[in-house]
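This report refers to the structure that appears directly beneath it.
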Amino acid sequence: MQEVTTEKKEFVPNIVAFCCNWCSYAGADLAGSSRLTYPANVKIIRVPCSCRVNPSFVLKAFQQGADGVILCGCHPGDCHYVTGNYYTRRRMALLYSFLNYLGIEKERTRLEWVSAAEGARFSAVMNDFVKTVTDLGENKRLTDLRVKEGE
Amino acid sequence: MQRIGVFICWCGSNISATVDVVKVAEAMKNEPGVVYSANYQYMCSENGQQLIKQAIKEHNLTGIVVGACSPRMHEATFRKTAEAAGLNPYMVEIANIREHCSWIHKDMDEATEKAIILVRTAIAKVKLNAPLMAGESPVIKRALVIGGGIAGIQAALDIADAGFEVDIVEKNATIGGRMAQLDKTFPTLDCSACILTPKMVDCAQHEKIDILTYSEVEDVKGFVGNFSVKIRRKARYVDESKCTGCKVCMEKCPSKKGLNAFNMNLNTRPAIYIPFAQAIPNVAVIDPEQCIKLKTGKCGICQKFCGVGAIDYEQKDTFVERQYGAIVVATGYKPIDLDAFNEYGYNDNKDVVTSLELERLMNAAGPTNGVLLRPSDGKHPKVITFIQCVGSRDSSGCGKPYCSKICCMYTAKHAMLIREKYPDTEVHVFYIDVRTPGKNYDEFFRRAVEQYGVDYIKGMVGKVYNENGKLMVQGSNLIDNEQVTIESDLVVLAAAIEPEPSVRKVATLLTASIDTNNFLTESHAKLRPVESPTAGVYLAGVCQGPKDIPETVSQASACAAKVIGLLVKDKLKTNPCVATPDESMCNGCSQCANVCAYGAITYVDKEFRIGGGKTEVRRVASVNPAVCQGCGACTVTCPSGAMDLKGFSSKQIMSEVEAICKK
């Protein structure tokens, strides 16, 4: 008798990570050279400083179908550009409440400090974030509802 | 029309083992705008670069994407390659498919799929890249060395010998650092002072070196080639130019109960003092916490007896501001605080000492004039027990997770010296492992065991307690599988070393990366081990990681070579990825200038045509590209979206987001 297998498609979230060049991107590099794994659905965009990340980039990511967006910068006080990460922190605080207003779970965005020496932390943070977003499920709130290519 | 070339590197098997590089390269051929896509074993090699150059020329490429290792590794390499082929170096983007992909994912399909997305993202970005031209900035031909220990001294001497001005800033009253406190040095057992003090004198006499002791870096501005540093010269209450170092003041001072930090607080010193006999500069300093005159206004004895009128109770901290092209950080270390290690009874028993304290007890210029006597009763200890790894290799959280690296060797040295000088002394060493990598190091350790009969016990110590005036050291002997208790007269703890705490402030001022243990991070562990990721900042000595004197000196000389390489240049290329305002959109609101940490933004009145043959004058932002560091804080702050960052423009980042999210 032929076995009936029900194909269950597991939800794999799509995650955008913004990493500052000096700390977090280097931390991600260290995670790589230390072979510390995290899920492949995390894709990193390099920015000079976390303060380069315009909240509109985060919104854009959600609009384009990202399920989670994480921002990583240098630890407070350690910013390569002296004060950049403080601006990031304030902007993100505002963005959280805006996302909340839009009905996007606050857990889908996260701000983390990862230094260049914290490869293990980078991997741990990503694993945790992916798990959180996976549990939340697909992000549909901001999806672009206009007719897509090929439809 | 964009003509993009894609180059996928195998990195030997580093990438190709988990990413199907051929598939990635093939997939990219179908990407809009891509006219050429290739893969090669080692893209960074001569042949790989040749492949890129040839493709740029043959296919008239307008931009290239290299799918390879981290841009932090080879972005500069591939930019040079592009430039050599006539392409603007900033028309290059790197897709990091090694550190961010092949090395962390195990599933080939998954990794290949991710690599395709990453390369596609880079393609999306490079399409929006614009050719950029690097500007130039002058180099100030003077170096600053922070810290006057052996690392700082060596770096300063080497830089000065190459003909450049160097300033050493040292927070203590003399240069010399930890090495000045040591008695003998392994593995040759030459006396520390005999090799250090001549170097200190060389520094003092070198016409290119200026030593600023009792001084601290207060503020740092600027960037590579052009740092502006504010230095606080703490009040010594003694005029450095007048004091002759005659020490009469030290004899006459009535307040003699200050702890002598140079002797690890094992004895006392007067309120006015010269740290040690060979101090450079040989100038007294007053401890304001201890000086009766400074505290109560009554005394002034030192002033009366000073033959040259050097004492000045009115002296205040002063500030000097100097410009430097490069900065060497050599802030050194200290032994950790042992409060968390009560089991060894350090705080309760005078005869439980740290190795650095033992160093002073054995030093001819130390508190006991080099005769090994117990601190408690001044008697010769007959049984001495050393405990290794006190706070080193400690994952419990009380100590440090790393190996302090120097303890195995200095304990072997101590044990050997004690057995040599006092052959009737029993010496035991509790160790976890003996680590002696280094030229002639293991031979040295074996001498301690084989020739000098030092008793090495593999095992850890659980407790040190006092019983009838004897120190009972209770530990395990793992080889014989038994518990042992050794009745000792003196217990020596090999306390872990940690970076001097002031390094944190220095790191913040220099925006230099620092790790969780407060060690400064090097740019690349193997390829750029003496450079901080912050351009123009170099690292020497234990501030970068635990190391012994030979290694420190090597690293300091390496730093000096790097500094000299920088200072010989007349001009440096500046980063062209700077902020730039769209003047037609800017309304001169000043928000960008408010967030700029570098003061790179000013405002100018400009005339704009507004149609109908009319013009108007508006105030618009203007960015000084030589000062802008390209963080992008202003770009997000700008309410009208007029400010953008070259190389990381909003459009570029948006296109990357889109490429990643595309399903």
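We name chains A, B, ... by the order of the sequence lines, and we start the count at 1 in each one.
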Notebook entry, point to check: Any side-chain heavy atom of A/K43 within less than 4.5 Å of one from B/L118?
Noted result: yes

Item checked: Part of B/S102 lying under 4.5 Å from any heavy atom of chain A -> neither

Check: Do A/V82 and B/T511 have side chains that get closer than 4.5 Å, going by heavy atoms?
Finding: yes

Next item on the list: With a 4.5 Å cut-off on heavy-atom pairs, point out which of A/A116, A/G84, A/A61 contacts chain B the most.
Entry: A/A61

Next item on the list: Below 4.5 Å from any heavy atom of chain A, which atoms of B/A633 appear? Answer side chain, backbone, both or neither.
Entry: both

Check: So, B/R98 versus A/S33: side-chain donor-acceptor pair below 3.5 Å or not?
Finding: no

Item checked: Side-chain heavy atoms of B/I660 within contact of A/I45, under 4.5 Å -> yes

Margin query: So, applying salt bridge (Lys or Arg N to Asp or Glu O under 4.0 Å) with A/R46, which one of B/E656, B/E75, B/E93 is it?
Written below: B/E75

Checklist line | Side-chain touch B/C631/A/P48, heavy atoms, less than 4.5 angstrom | finding: no

Note to self: Using side-chain heavy atoms (C-beta onward) and a distance below 4.5 Å, is B/C661 in contact with A/F62?
What the structure shows: no

Next item on the list: Return yes when atom CZ of A/R35 has more than 12 non-hydrogen atoms of other residues, nucleotides or ligands closer than 6.0 Å, and no otherwise.
Entry: yes

Item checked: Heavy-atom pairs under 4.5 Å with chain B, option from A/S115, A/A26, A/A31 with the top count -> A/A26

